[in-house]
Amino acid sequence: MSSTIEITKICEFCGKSFIARKCSTRYCCKRCAEHAYKQQKRNHHVAEQQQIANNQTIGDIAEREFLSPTQCAILLGVSRRTLYRYLTANKIPCCQFRGCTRIRRKDVETLFTNPEYIKRERKDAEPIEEFYTTKEILEKFGISNSWLFKMAKERNIPKTVVRGKTLWSRKHIDKALADKQPTEVAEEEWYSVEEVCAKFNMSKEAVYRFVSERKIGKRKDKCKVFYSRRQFDMAMGIESELEPEYYTMPEAMARYNMTRDQISHYVRTHNITRTYEGRYVRIDRKALDALFAPPKIS
């Protein structure tokens, strides 16, 4: 039976007034109770770490003969990452054991005996002499004008305006768009949309509808789409001049009279090379034929 007690209390987390049904209720809702619990755990963790830091004072560390990398970093007033860079460069002698590294305090003190200060010369920035125009970037990398300016602003790519044309640093653009560098597509294996339109006298809309209905394999290279030449020729009733280097899954099933699961099992078990064109699987023809070839005794 629910309680009939009504007590006006103040939520300990959000500070709002609410009606409590029990004397032990501290929060107005489940959300406040969860947030308060997380805050308590967070404060407890911070207090533990602060206690560890307080116990590990510099004075206590300085009295030790051997230091860990963390203790040595505290003693020198640098981060652990910086200290490990010093160790890697052999600037601080250390001894590596299995699972731990120890540094002798005397070796650290020796570093400060007659140290030599070398002034670091300021490096002059190399002048930028090679540039792309905006048009060249859009044509080479297949990106839009708005995306180029947005990306250049985020990465602070140097640019200049000469006689009304925007010129971009070639080095910085190549580095920023390294993943969009154009790749070579084997012309004898793939049709571009333009090549299909010219060869078969089709409009682009007809090409898109045709490849969708016939499920022609395709690949996308940056912003250009290419269609499998062999599959397109077969769909058009033309005997392809290309020797296929792969099986599609339906072709492999028909060739060896197996189910899809059986073909997939053999491909995975024997590590046969396979690639994907969208949702379609391409299986290495030579490897699959060799697997199912009749046995020979020499």
* Asked: What is the minimum heavy-atom distance between Leu87 and Ile92, and which atoms define it?
  -> CD2-O, 3.6 Å
* So do the side chains of Ile19 and Thr8 get within less than 4.5 Å of each other, counting heavy atoms only? -> yes
* Check the angle between the aromatic planes of Tyr256 and Phe292 and answer parallel, tilted or perpendicular using the 30° and 60° thresholds. => tilted
* Please say whether more than 12 non-hydrogen atoms of neighbouring residues, nucleotides or ligands are located less than 6.0 Å from CG in Asn201. => no
* Charged N to carboxylate O under 4.0 angstrom, Glu34 versus Lys38? -> no
* Asked: Any sub-3.5 Å donor-acceptor pair from Lys16's side-chain atoms to Cys28's backbone N or O?
  -> no
* To do: Go through the structure and list residues passing side chain to side chain contact (heavy atoms under 4.5 Å, CB included) with Met249, not counting sequence neighbours.
  => Met253, Arg260, Ile263, Ser264, Ile283
* To do: Output yes when Arg255 and Glu251 qualify as a salt bridge under the 4.0 Å nitrogen-oxygen rule, no when they do not.
  => no
* Find the distance between CG (Leu177) and CG (Leu148) and round it off to the nearest 0.5 Å. => 7.5 Å
* Answer whether the closest heavy-atom distance between the side chains of Phe200 and Asp233 falls below 4.5 Å. => yes
* Asked: Using the ring of each side chain (for Trp, its six-membered ring), is Trp168 parallel, tilted or perpendicular to Phe149, with breaks at 30° and 60°?
  -> perpendicular
* Look up atom CZ in Arg102 and atom OG in Ser68, then write down how far apart they are to the nearest 0.5 Å. => 5.5 Å
* Ignoring hydrogens and angles, state whether a donor on the side chain of Arg85 or Thr88 is under 3.5 Å from an acceptor on the partner side chain. => no
